[in-house]
Engineer: 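First the structure, then my questions, so here it is.
What you see below is based on every heavy atom in this structure, not just the backbone, and it leaves out hydrogens, waters and symmetry mates. Nothing fancy with the numbering, it's 1 onward along the sequence.
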Amino acid sequence: MVSLLTKIFNSSSEKAGEQLWESLTSVVRRLFGRRSTSVEAAKRLGERPGDADSIRALAQALVDDSGRDPQAAAQLRHWIASAEETISADEHVTNTVTGNVRGNVLQARDIHGNITF
């Protein structure tokens with residue numbers, strides 16, 4: 001969740017980032033109620049857009065609130081999947097290798113974990 005929130009604030013398309021942020025705050029209010037920890041954390045992050053500590057606090061609040069409501073957790077997971085798809089569509093990656101290459105070459109976009117050749 002931290003990664004997704006960071007991408008929302010660092011989105012190459014400001015409009016897409018703004019729309020995702022508005023959507024998330026709306027979903028959080030609807031799922032967890034206006035006085036939830038998640039809503040308060042979202043409010044703080046809205047006051048300090050992109051702040052790493054506020055991003056981590058919101059991510060943790062969402063985990064905590066979701067842990068108490070399986071139905072809300074399922075709806076939040078659905079929103080996350082949709083948001084990740086939106087961000088992925090907005091990011092373009094071009095990998096090009098030219099010339100003579102001796103050894104291994106890796107072309108990738110998102111890597112999670114170690115790489116071993």
Engineer: Could you list all the side-chain hydrogen bond (donor to acceptor under 3.5 Å, both in side chains) pairs where at least one residue sits in residues 24-36, not counting sequence neighbours?
Structural biologist: Arg30-Gln75
Engineer: Tell me the ring-ring contact (aromatic ring centres under 6.0 Å, His included) pairs involving residues 54-73, sequence neighbours left out?
Structural biologist: none
Engineer: Give me the atom names and distance for the closest heavy-atom approach of Ala41 to Ala61.
Structural biologist: CB-CB, 4.1 Å
Engineer: Atom CG in Leu24, atom CD1 in Ile8: separation rounded to 0.5 Å?
Structural biologist: 5.5 Å
Engineer: I need the minimum non-hydrogen distance between Leu76 and Leu31, along with the two atoms involved.
Structural biologist: N-CD1, 4.0 Å
Engineer: What pair of heavy atoms forms the shortest contact from Val28 to Ser38, and how long is it?
Structural biologist: CG1-CB, 3.6 Å
Engineer: Using atom types as modelled and distance alone, determine if a side-chain donor or acceptor of Ser23 lies under 3.5 Å from a backbone N or O of Gln19.
Structural biologist: no
Engineer: Could you give all pairs that pass the ring-ring contact (aromatic ring centres under 6.0 Å, His included) test and reach residues 19-70, with sequence neighbours left out?
Structural biologist: Phe9-Trp21
Engineer: Rounded to the nearest 0.5 Å, what's the gap from CG on Leu62 to OG1 on Thr37? Could you check?
Structural biologist: 10.0 Å
Engineer: For residues Val63 and Met1, determine if any side-chain heavy atom of one lies less than 4.5 Å from a side-chain heavy atom of the other.
Structural biologist: no
Engineer: Shortest non-hydrogen contact from Leu5 to Ala59?
Structural biologist: CD1-N, 4.0 Å
Engineer: Does any pair with a residue in residues 66-81 pass salt bridge (charged side-chain N to carboxylate O under 4.0 Å, His left out), and if so which ones, sequence neighbours excluded?
Structural biologist: Asp65-Arg68
Engineer: Just grab all the salt bridge (charged side-chain N to carboxylate O under 4.0 Å, His left out) pairs involving residues 39-54, residues at least two apart or on different chains.
Structural biologist: Asp53-Arg56
Engineer: How would you list all residue pairs meeting ring-ring contact (aromatic ring centres under 6.0 Å, His included) that involve residues 38-89, not counting sequence neighbours?
Structural biologist: none
